[in-house]
K.L.:
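The structure that follows is given in the form of structure tokens.
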Amino acid sequence: MSSAFHFDSLVWDWPIAIYLFLIGVSAGMVTIAVFLKRKILGNEASRDGVIRATAIIAPLSVIAGLTILIFHLTKPWTFWYLMIFYSPTSVMSMGVMLFQVYMVVLIVWLAGLFREDIRSLTESRFKAFGWVNGIIAALARLEKVLEPLMVLLAVLLGVYTGFLLSALKTYPMLNNPVLPILFLFSGVSSGAAAAVLFGVTWFKQPTDSPSIHFVHQIEKPVVLFELLLLFALFVGLFFGGGQKEAAAVAAIGGGFWSNVFWFGVIGLGILLPLIMGAVCSHRVQHSKGYLVAVACMGLCGVLMLRFFILYAGQMTVA
């Protein structure tokens with residue numbers, strides 16, 4: 001097992017996997033929340049447990065992920081250079097720019113969504129900040145523009161996590177066009193799982209509510225498409241020959257990371273939830289225990305996918 005985490009061709013290690021996971025969760029939750037608000041909840045969105053969970057987890061995931069990245073780069077006090085000096089030829093620099101725009105739009109969108117809660121809070125406890133309500137009210141009028149922009153930025157963020165690894169051109173498995181799309185859909189999958197998990201546990205969202213049903217409708221096709229993308233990734237590698245084929249065999253043909261893939265990513269993260277959904281009764285599927293269990297499986301599966309792609313992808317060099 002120690003050799004699985006330490007080998008000569010390893011450049012990026014486990015903190016990067018956690019960073020990619022957290023960013024994907026944020027992008028997935030926001031994408032789902034916007035569609036949930038527009039299609040199901042409307043003006044009642046701010047009272048929904050799934051939306052409230054997104055309002056907390058989505059920004060915190062990005063902040064935590066960037067904090068991990070900053071300290072992993074070993075120069076935390078000079079990281080702010082990346083936030084001012086942009087390079088169009090650097091994937092990292094473009095990612096930092098995307099993070100900044102994403103966070104600004106996310107905060108503005110959430111402020112408009114929860115404007116009544118903010119108004120009540122400022123009027124009761126922080127009267128000196130009452131002027132903020134006028135700004136939020138003005139920004140809330142841009143809702144029809146902000147929501148599609150928010151979805152676009154979330155999708156770009158989800159895709160970016162795959163492009164970041166694709167920049168490692170010497171690794172056949174990572175330098176793959178399927179990877180950004182795979183990371184986007186696995187991010188939506190983890191976002192759906194996180195939304196359900198924190199919605200029903202922290203905010204006591206009813207398990208038979210329209211928002212939980214909406215997330216479930218999204219979850220199954222997203223997971224199936226994720227499975228299809230994994231199939232496409234490895235079929236492309238096998239038929240690519242040479243080092244591409246060698247990378248595929250090294251990744252899923254046996255060993256520690258092969259077990260992580262087959263038993264963790266495919267078994268625990270994808271097949272087991274699908275089988276449980278097929279065999280469990282409607283009553284069981286709408287119980288809190290079932291929802292929490294399936295959500296935890298989904299999150300663990302996506303986290304293991306990030307670790308698997310990162311480490312197994314660096315085992316074979318072109």
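Excluded from the calculations below are hydrogen atoms, water molecules and symmetry mates; all remaining heavy atoms, backbone and side chain alike, are included. Only a predicted model underlies this, so the values are computations on that prediction, with no experimental measurement involved.
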K.L.:
Ignoring hydrogens and geometry, is there a side-chain-to-backbone donor-acceptor pair from Glu226 to Leu182 under 3.5 Å?
P.N.:
no

K.L.:
Any ion pair linking Lys37 and Glu44 (charged N to carboxylate O, less than 4.0 Å)?
P.N.:
no

K.L.:
Rounded to the nearest 0.5 Å, what separation is found between the CZ atom of Arg283 and the CG atom of Asp208?
P.N.:
13.5 Å

K.L.:
Does any pair with a residue in residues 18-51 pass ring-ring contact (aromatic ring centres under 6.0 Å, His included), and if so which ones, sequence neighbours excluded?
P.N.:
none

K.L.:
Determine whether Phe114 and Ile136 make a side-chain contact, defined as any pair of heavy atoms from C-beta on separated by less than 4.5 Å.
P.N.:
no

K.L.:
So, using salt bridge (charged side-chain N to carboxylate O under 4.0 Å, His left out) as the criterion, who are the partners of Arg38 when residues are at least two apart?
P.N.:
Glu147

K.L.:
Is there side-chain contact between Ser287 and Thr207, with at least one heavy-atom pair below 4.5 Å?
P.N.:
no

K.L.:
Establish, from distance only, whether the side-chain atoms of Tyr171 and Ser9 form a donor-acceptor pair under 3.5 Å.
P.N.:
no

K.L.:
Got a second to check how far Leu41's CG is from Ile51's CD1, nearest 0.5 Å?
P.N.:
5.5 Å

K.L.:
About how many Å separate CD of Gln285 and OH of Tyr290, when rounded to the nearest 0.5 Å?
P.N.:
4.0 Å

K.L.:
Which atom names give the shortest non-hydrogen contact between Ala195 and Ala53, and what distance separates them?
P.N.:
O-CB, 4.4 Å

K.L.:
Can a donor-acceptor pair be found, under 3.5 Å and without considering hydrogens, that links the side chain of Ser26 to the backbone of Ile23?
P.N.:
no

K.L.:
Is there a side-chain contact (heavy atoms from CB on, under 4.5 Å) between Phe185 and Leu227 once you walk through the steps?
P.N.:
CA-CA 10 Å; Phe185 277 86; Leu227 188 60; over 6 Å; no

K.L.:
Could you pull out every donor-acceptor pair under 3.5 Å between side chains of residues 259-281 and any protein atom, sequence neighbours left out?
P.N.:
from: Asn259; atom 1: ND2; to: Gly255; atom 2: O; distance (Å): 3.3
from: Trp262; atom 1: NE1; to: Ile252; atom 2: O; distance (Å): 3.1
from: Ser281; atom 1: OG; to: Val284; atom 2: N; distance (Å): 3.3

K.L.:
Per the side-chain contact (heavy atoms from CB on, under 4.5 Å) rule, which among Val105, Val145, Thr31 passes with Met150?
P.N.:
Val105

K.L.:
Check Ala193 against Leu299 and note the closest heavy-atom contact, atom names and distance.
P.N.:
CB-CG, 3.8 Å

K.L.:
In terms of hydrophobic clusters joined by side-chain contacts under 4.5 Å, are Leu174 and Val235 together?
P.N.:
no

K.L.:
Quick check against the 3.5 Å criterion: does Glu245 have a side-chain atom that pairs as donor or acceptor with the backbone of Phe239?
P.N.:
no

K.L.:
Between Arg115 and Ser46, do the side chains contain a donor N or O and an acceptor N or O under 3.5 Å apart?
P.N.:
no

K.L.:
So for atom CZ, which belongs to Phe203, do other residues, nucleotides or ligands contribute more than 12 heavy atoms lying within a distance under 6.0 Å?
P.N.:
yes

K.L.:
I need the minimum non-hydrogen distance between Ala247 and Met173, along with the two atoms involved.
P.N.:
CB-CB, 4.2 Å

K.L.:
Throw together a table of side-chain donor-acceptor distances under 3.5 angstrom for residues 213-222, partners on residues two or more places apart or in other chains.
P.N.:
from: His216; atom 1: ND1; to: Glu219; atom 2: OE1; distance (Å): 3.3

K.L.:
With rounding to the nearest 0.5 angstrom, report the CD1 to NZ distance, Ile212 to Lys288.
P.N.:
11.0 Å

K.L.:
From Leu237 CG over to Thr316 OG1, what is the distance, rounded to the nearest 0.5 angstrom?
P.N.:
9.5 Å

K.L.:
Can you check whether Leu153 reaches Trp109 side chain to side chain, under 4.5 Å on heavy atoms?
P.N.:
no

K.L.:
Begin with the C-alpha distance, continue with both residues' side-chain angles, and end with the deciding distance and a verdict on side-chain contact (heavy atoms from CB on, under 4.5 Å) for Trp202 and Leu197.
P.N.:
CA-CA 8 Å; Trp202 284 6; Leu197 177 63; over 6 Å; no

K.L.:
Leu305 versus Leu230: any side-chain heavy-atom pair under 4.5 Å?
P.N.:
yes

K.L.:
Might you point out which heavy atoms bring Gly191 and Ile32 nearest each other, and give the distance in Å?
P.N.:
C-CD1, 4.0 Å

K.L.:
Restricting to non-hydrogen atoms, name the atom on Ala17 and the atom on Leu310 that form the minimum distance, rounded to 0.1 Å.
P.N.:
N-CD2, 3.6 Å

K.L.:
Quick one: are Leu165 and Leu20 in side-chain contact, heavy atoms under 4.5 Å?
P.N.:
yes

K.L.:
For Trp257 and Phe307, take the angle between the two ring planes, folded into 0 to 90°, and tell me which bin it lands in: parallel under 30, tilted 30 to 60, perpendicular over 60.
P.N.:
parallel

K.L.:
Closest approach of Ala4 and Phe7, non-hydrogen atoms and distance?
P.N.:
O-CE2, 3.3 Å

K.L.:
Look up atom CG in Leu149 and atom CG in Leu106, then write down how far apart they are to the nearest 0.5 Å.
P.N.:
11.0 Å

K.L.:
Any non-hydrogen side-chain atom of Pro15 less than 4.5 Å from a side-chain atom of Leu69?
P.N.:
no

K.L.:
Which residues pass the side chain to side chain donor-acceptor pair (under 3.5 Å) test with Ser211, sequence neighbours left out?
P.N.:
Asp48, Gln205, Ser209

K.L.:
Could you give me the CA-CA distance, side-chain angles and deciding distance for Thr54 and Phe198, then say whether side-chain contact (heavy atoms from CB on, under 4.5 Å) is met?
P.N.:
CA-CA 9 Å; Thr54 301; Phe198 294 108; over 6 Å; no

K.L.:
State yes or no: do Leu36 and Ile56 share one hydrophobic cluster built from I, L, V, M, F, W and Y residues joined by side-chain heavy-atom distances below 4.5 Å, directly or via other members?
P.N.:
yes

K.L.:
Hey, are the side chains of Ile309 and Leu233 touching, using non-hydrogen atoms and a 4.5 Å cut-off?
P.N.:
yes

K.L.:
According to the side-chain hydrogen bond (donor to acceptor under 3.5 Å, both in side chains) rule, which pairs have a member within residues 154-166, sequence neighbours left out?
P.N.:
none

K.L.:
May I ask you to test the Tyr102-Val30 pair for a side-chain heavy-atom distance under 4.5 Å?
P.N.:
yes

K.L.:
Does CZ belonging to Phe231 count more than 12 external heavy atoms closer than 6.0 Å?
P.N.:
no

K.L.:
Could you tell me whether Phe256 and Phe5 have their ring centroids closer than 6.0 angstrom?
P.N.:
yes

K.L.:
After noting the C-alpha distance and the side-chain angles of Leu60 and Leu22, does the key distance pass the side-chain contact (heavy atoms from CB on, under 4.5 Å) rule?
P.N.:
CA-CA 9 Å; Leu60 284 182; Leu22 291 171; over 6 Å; no

K.L.:
Any carboxylate oxygen within less than 4.0 angstrom of a Lys/Arg side-chain nitrogen, looking at Arg47 and Asp117?
P.N.:
no

